[in-house]
Amino acid sequence: MKVSYLFLAKGFEEIEAITPVDVLRRAGMNLKTVSITDDRNVTGAHGVTIKADMLFSDGVFNSDEIEWLILPGGMPGAENLHNFNPLNELLQKHAANGGKIAAICASPAVVLSPLGILDGHEATCYPGFEKLCHKEVKMRDQRVVALDKIITANGPSSALHFSLAIVANSMGESVSQEVGSGMLFYSKSTNMFF
């Protein structure tokens, strides 16, 4: 089974990090949290500390074995991700190889757009950060923009939608609906997410 990685930098948005970890693991996906610092304990924007599964420096990121690279937002978390060159190199290589990347909140604008990863694609981000995106990015005012290889979302309230979109892409809509239903976020009777 391929591995997905979610990257943690000091000042990350906690909901946008914890939600994908929880949802993807509920769906049975192999997901590891990665600290880009020299400590597995990383503190978010609101003082919540998470112990990452691994350090970036300990990782051997083989493109053939990676499914998703996932970036939570938050400030200064997104800026810290952007300023970490080894992650930028990994993101560019993964995108060039047709790999899947997901980013939420400030990260689409602060991390992905400067790398050119969003150029020519539709995307969304935290309101007000659109101005940081290249003009080649087709910005949309939506909770989530789910493309085949890139999923972006606009902020904390969309973290569950974002996470379930990743599950739907990887495991199918029925698995996403089943996970959403178990979390009381999807209604089988109306066939709709809340």
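Keep in mind that what you see is a predicted model, and the values were worked out from it rather than measured.
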Tell me whether S163 contacts the main-chain N or O of A159 through its side chain, where contact means a donor paired with an acceptor under 3.5 Å.
yes
To the nearest 0.5 angstrom, please state how far the CG atom of L90 sits from the CZ atom of F84.
10.0 Å
Indicate the ring-plane relationship of F61 and F56, choosing parallel, tilted or perpendicular according to the 30° and 60° boundaries.
tilted
Check R25 with D53, please: is the shortest side-chain N to carboxylate O separation under 4.0 Å?
yes
Look at the side chain of N88 and the backbone N and O of H82, then say whether any donor-acceptor pair between them is shorter than 3.5 Å.
yes
Between the main-chain N or O of T124 and the side-chain N or O of R143, is there a donor-acceptor pair closer than 3.5 Å?
no
Look up atom CZ in R26 and atom CG in L31, then write down how far apart they are to the nearest 0.5 Å.
14.0 Å
Test T49 against T43 for side chain to side chain donor-acceptor pair (under 3.5 Å), laying out the working first.
CA-CA 4 Å; T49 300; T43 302; 2.8 Å; yes
Any I15 side-chain heavy atom under 4.5 Å of E13 side chain
yes
Distance from K10 atom NZ to L81 atom CG, nearest 0.5 Å?
14.0 Å
Closer than 3.5 angstrom, by distance alone: can the side chain of S4 be matched with the main-chain N or O of E67 as a donor-acceptor pair?
no
CG/N80 to CG/L8 distance, rounded to the nearest 0.5 angstrom?
11.5 Å
For the rings on F12 and F7, is their centre-to-centre separation under 6.0 Å?
no
If hydrophobic clusters are built by linking Ile, Leu, Val, Met, Phe, Trp and Tyr wherever their side-chain heavy atoms come under 4.5 Å apart, do I18 and W68 end up in the same one?
yes
Side chain to side chain contact (heavy atoms under 4.5 Å, CB included) between L91 and L71, intermediate numbers included
CA-CA 10 Å; L91 288 164; L71 308 173; 4.1 Å; yes
So which atom in N169 and which in K100 form the shortest heavy-atom distance, rounded to 0.1 Å?
OD1-NZ, 2.6 Å
